[in-house]
Every structure is written in structure tokens, then in C-alpha cells.
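The analysis underlying the following values was restricted to heavy atoms, covering all of them including side chains, and did not include hydrogens, waters or symmetry mates. In the text below, chain A, chain B and the rest are named by the order of the sequence lines, each starting its count at 1.
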Amino acid sequence: DGGITQSPKYLFRKEGQNVTLSCEQNLNHDAMYWYRQDPGQGLRLIYYSQIVNDFQKGDIAEGYSVSREKKESFPLTVTSAQKNPTAFYLCASSIRETQYFGPGTRLLVL
Amino acid sequence: EDKVVQSPLSLVVHEGDTVTLNCSYEVTNFRSLLWYKQEKKAPTFLFMLTSSGIEKKSGRLSSILDKKELSSILNITATQTGDSAIYLCAVVTGSTGANSKLTFGKGITLSVRP
């Protein structure tokens, strides 16, 4: 079953804590992306990676970090420096221009 | 800075109505425009438009790009309650496929009442 998986579905973060969101794809796509979605804001790009071991900052990278050690995996860490992390996080992958999305992770702050 | 603007931001219609959703853009290195439908979770891909004036159709949905006006419309005819969703417009920019980037509009929330 090909696709993009994200886990967990819901994640709770305490003050000062780093949390990591998982994104895995078995579509053999080269490029992967992380977006944040807030109500009424659309999708905003956090980080993207076009190839293994390389990634670029998007429009709102501050307070986030990523790694791309394997083609299939692109985890996102929300650090304690991100002061307003409550949002819906979407991971996507693409082989050309069309991006396909995972089911998302909703991050809530305790 | 690349910009994508969708309008209206929300609308409510009744089943059977026809709706037109708008997307306009100001970007550099335009490559294509994408429409997505988002219900509860992940956006699902609807259309990709690259050439001006060529309509893409899928059932009751259709879309067309006007590169002169830097805009696109998404039409939904004979709307059903299952069409209720957020409709996202995104513009692909960049010099090559490997360096392409998507800029999203804020989305249009469509509610279809029985």
C-alpha cells in the first residue's frame, strides 16, 4: 500500500520540551516537505528537502529542525524555541511538481 | 515575495447550486497551478494547470487557468453536501522540477447545505 504516513495523529507538548513528528513515504519520491496549517492561514512551508542529506528552510523555519538521512523519512522536530507550536502539521512528498500529502499531526501544547 | 490570493474566503450554498472559486497570483518563475480539496485531514489533489485556456474536468468539477490575468477558477456544478471542504490553490515556482516550490493561498471554505 503506497503512500505517506505521519505519526502520531495527536501530540501533546509541555513547555520547554522538544517533540519530533514522523513522516515516512514509500512512493520513492525524491522531494519531501513540511507545512504548518493554522485556521484561516492556509499552508505555510517550514522546511523542504529535494535529496537525501540536504534540506532547505521554508518561510517559517524558526523553532523547527529537520533531518533527511533516508529517502523515505523526513522527521520534523519542534523545539522549545517555537513559542506558538499549536497547529496542524502536514508532510508532503513529490516526484515532479504535484505534492501528495500525509494525514497530518495535530500538535497541542499542555 | 510570491503571493497567492483566494476568494471568497468562505461561502455557503445549497445543494444543486453552482459555485466558482477564484485564485489569483503574483509570483516569479511560474510553472503551474494546483487545486486541492481538504476535508478533515490531508489535502487531496484535484487539478494541475500549466497552459492558459485549457479546461481540466473531473465529473462536476472543472478548472481553467488564465496566464494573462494571472488567475484560475475552480467550478463545481450541481453541488452536493460531500463537496463541503476547504479548497486550496497553490502555485508552483522555480527554475526546474527539482527546485520547485509551492506557495499556497489561504483556502476557501465551502459549505453546502441540504
Side-chain angles (χ1 to χ4, degrees), chain A residues 2-10 21 23-25 27 29-61 68 71 87-107, chain B residues 1-11 21-25 27 29-51 56 58 63 65 85-110:
Chain A
I4 305 170
T5 57
Q6 290 186 242
S7 63
K9 191 173 173 181
Y10 295 97
L21 285 61
C23 177
E24 304 277 331
Q25 54 101 358
L27 301 168
H29 287 173
D30 290 316
M32 296 185 75
Y33 307 81
W34 274 105
Y35 293 92
R36 170 181 171 139
Q37 188 175 32
D38 296 280
Q41 288 293 319
L43 272 66
R44 291 183 289 168
L45 182 64
I46 305 172
Y47 268 98
Y48 63 103
S49 167
Q50 305 285 5
I51 198 169
V52 174
N53 291 322
D54 187 51
F55 48 83
Q56 308 294 331
K57 290 183 180 179
D59 300 319
I60 54 164
R68 186 89 186 273
K71 188 175 186 178
F88 188 51
Y89 290 85
L90 285 162
C91 176
S93 70
S94 71
I95 194 160
R96 290 187 192 87
E97 294 175 2
T98 303
Q99 293 186 10
Y100 299 92
F101 289 85
T105 293
R106 192 164 297 278
L107 177 61
Chain B
E1 186 184 331
D2 294 337
K3 195 162 64 169
V4 177
V5 178
Q6 292 186 249
S7 63
L9 288 182
S10 65
L11 73 163
L21 310 181
N22 300 286
C23 176
S24 63
Y25 58 90
V27 301
N29 292 321
F30 174 91
R31 292 177 60 83
S32 60
L33 186 145
L34 309 178
W35 283 97
Y36 289 87
K37 176 183 181 182
Q38 184 178 25
E39 294 180 78
K40 296 284 184 189
K41 296 178 183 174
T44 54
F45 172 74
L46 293 175
F47 297 112
M48 176 175 170
L49 305 163
T50 52
S51 300
K56 293 276 182 90
S58 176
S63 186
L65 176 67
I86 298 172
Y87 289 85
L88 297 166
C89 171
V91 173
V92 183
T93 58
S95 54
T96 67
N99 292 320
S100 64
K101 178 188 160 189
L102 258 65
T103 301
F104 281 84
K106 293 186 176 182
I108 297 171
T109 300
L110 173 65

Can you tell me which of A:Thr98, A:Leu90, A:Ile51 forms the most heavy-atom pairs within a distance under 4.5 Å of chain B?
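Result: the option with the highest number of such pairs is A:Thr98.
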The reported gap from NZ in B:Lys101 to CD in A:Gln50 (rounded to nearest 0.5 angstrom) is 11.5 Å
Rounded to the nearest 0.5 Å, what separates atom CZ in A:Phe101 from atom NZ in B:Lys41?
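Atom-to-atom, A:Phe101:CZ and B:Lys41:NZ are 16.0 Å apart.
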Of the non-hydrogen atoms in [X] and [Y], which two are nearest, and what is the gap between them?
{"X": "B:Leu102", "Y": "A:Gln99", "answer": "CD1-NE2, 3.5 Å"}
{"X": "A:Pro103", "Y": "B:Ala42", "answer": "CA-CB, 3.9 Å"}
{"X": "B:Leu88", "Y": "A:Leu43", "answer": "CD1-CD1, 3.8 Å"}

Among B:Gln6, B:Glu1, B:Met48, which has the most heavy-atom pairs under 4.5 Å with chain A?
B:Met48
Quick one: does B:Gln38's side chain get under 4.5 Å of A:Gln37's, heavy atoms only?
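Counting from C-beta outward, B:Gln38 and A:Gln37 do come under 4.5 Å.
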Proximal component of A:Asp59, with respect to chain B [non-hydrogen, under 4.5 Å]:
side chain
